[in-house]
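Following: one structure in structure tokens, then a few remarks.
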Amino acid sequence: MAFTLATWNINSVRLREGLVCKLLQEEAPDVLCLQECKSPVEKIPTEAFRDLGYTHMVARGQKGYNGVAILSKLPITEVGAHDFADLGHARHVAAQLENGVTIHNFYVPAGGDVPDRAVNEKFGQKLDYLTQMRDHFHAESPKKAILVGDLNIAPREDDVWSHKQLLKIVSHTPIEVEHLSAAMDAGDWVDVTRQDIPEGLLYSWWSYRARDWDAADKGRRLDHVWATSDIAAAAHSSRVLRAARGWEQPSDHAPVFASFDL
DNA sequence: ATGTCACGCTCCGCGTGA
């Protein structure tokens, strides 16, 4: 069975219902994982998505912040949600396809501005969240699984516009990269995007604050697609839909795609 | 380094989070 999957931090699914529909119509992934829905589950505009063939959804939501949803043309069943670091936030949901593949959709905490847990509680929460992800995957040993989402970390030097200038900026500090790598190793996860696109600068997020995000191109690769090593070789055709960052009233993130032949 | 967004709440701006 072959399928295509996309992950997109939408920064309000209600405000950008039209952009979600545009993506579904023009790109037609079988599965779309959304983060930062900023909506209770019952207020997600599912009808428009259903009309486009996305008749299945699993989601976790809360008012105003966070929130994750998996929209699918293929039948899915929910297989749980975790509240790592006990934040009381809707940052993860998991679904299973009929072929037995599990899809984890994550929105890892951003971590605040100061990369020091002694003075910034949010940074500590981000590190703790990643540590609990690591411990969970160490205990679970996931198989036939895909993990996507806004992980709020750009791990590689070529995942940011300036490695040197971002070393002390939250999202690219060595301690965050270490924590992310530990979670990755614990679940035997493979970075599918970088398996497909091993070389060169690659971003999925550009700040709203830039005068001209496209010209400045000061991006970061915060959005990821991983797969467990047993299915990673089935992945192909990874890409970032950079054009979506230029759509009208856009999200500050662009969708990231991968396809699997299983 | 603090430029832009989106949210909820209480009002029609402000604080918070990113």
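Proteins get letters first, then strands, A, B, ... in listed order; numbering begins at 1 in each.
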[X] has an atom [atom1]; how far is it from atom [atom2] of [N], in whole Å?
| X | N | atom1 | atom2 | answer |
| --- | --- | --- | --- | --- |
| Q249(A) | dA6(B) | CD | C1' | 9 Å |
| E248(A) | dT4(B) | CD | P | 18 Å |
| Q62(A) | dG8(B) | CD | P | 11 Å |
| I10(A) | dC7(B) | CD1 | P | 11 Å |
| R245(A) | dT4(B) | CZ | P | 13 Å |

Task: side-chain contact (heavy atoms from CB on, under 4.5 Å) partners of A154(A), counting only residues at least two apart - done: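 Testing A154(A) for side-chain contact (heavy atoms from CB on, under 4.5 Å), a comparison that skips the adjacent residues, returns D159(A), V160(A), H172(A), R220(A), L222(A).
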Open item on the list: Pick the closest DNA chain B nucleotide for G64(A) and for R211(A) by heavy atoms, then say which residue is nearer the 5' end.
Closed with: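 Closer to the 5' end of DNA chain B: R211(A).
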Side-chain donor/acceptor pairs under 3.5 Å, residues 57-79 of chain A, sequence neighbours excluded:
{"unit_1": "R60(A)", "atom_1": "NH1", "unit_2": "E78(A)", "atom_2": "OE1", "d": "3.1"}
{"unit_1": "R60(A)", "atom_1": "NH1", "unit_2": "E78(A)", "atom_2": "OE2", "d": "3.2"}
{"unit_1": "R60(A)", "atom_1": "NH2", "unit_2": "E78(A)", "atom_2": "OE2", "d": "2.8"}
{"unit_1": "Q62(A)", "atom_1": "OE1", "unit_2": "N66(A)", "atom_2": "ND2", "d": "3.3"}
{"unit_1": "Q62(A)", "atom_1": "OE1", "unit_2": "A90(A)", "atom_2": "N", "d": "2.7"}
{"unit_1": "N66(A)", "atom_1": "OD1", "unit_2": "R91(A)", "atom_2": "NH2", "d": "3.2"}
{"unit_1": "S72(A)", "atom_1": "OG", "unit_2": "L74(A)", "atom_2": "N", "d": "2.9"}
{"unit_1": "S72(A)", "atom_1": "OG", "unit_2": "L74(A)", "atom_2": "O", "d": "2.6"}

Task: Pairs meeting criterion salt bridge (Lys or Arg N to Asp or Glu O under 4.0 Å) with involvement of residues 225-253 of chain A, two or more places apart - done: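 The answer is E27(A)-R239(A), D214(A)-R242(A), D217(A)-R242(A).
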Task: Distance, P atom - from dG17(B) to dC12(B), rounded to whole angstrom - done: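 Looking at atom P only, dC12(B) and dG17(B) are 22 Å apart.
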Open item on the list: If I pick the C1' atom on dT10(B) and the same atom on dT16(B), what distance separates them, to the nearest angstrom?
Closed with: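 Here dT16(B) and dT10(B) have their C1' atoms 15 Å from each other.
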Enumerate, atom names and distances included, each donor-acceptor pair closer than 3.5 Å involving a side-chain atom of residues 44-51 of chain A, sequence neighbours excluded.
{"unit_1": "T46(A)", "atom_1": "OG1", "unit_2": "R50(A)", "atom_2": "NH2", "d": "3.2"}

Task: Short side-chain N/O contact from R16(A) to OP1 or OP2 of dA6(B), under 4.0 Å - done: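 Result: yes.
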TODO: Give a yes/no on whether any side-chain N or O of S12(A) is located under 4.0 angstrom from OP1 or OP2 of dC5(B).
DONE: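 Looking at the OP1 and OP2 atoms of dC5(B), neither is under 4.0 Å from any side-chain N or O of S12(A).
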Task: ring pair (Phe, Tyr, Trp, His ring centres under 6.0 Å) involving F123(A) - partner list, sequence neighbours excluded - done: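 Checked F123(A) against ring pair (Phe, Tyr, Trp, His ring centres under 6.0 Å); zero matches.
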Open item on the list: Each nucleotide in nucleotides 9-18 of chain B should get exactly one letter: B, S or -. Can you fill that in based on protein heavy atoms under 4.0 Å?
Closed with: S-------SB
Open item on the list: Can a side-chain donor-acceptor contact be found between D261(A) and H236(A) if the only test is distance below 3.5 angstrom?
Closed with: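 H236(A) vs D261(A): donor-acceptor pair found between side chains.
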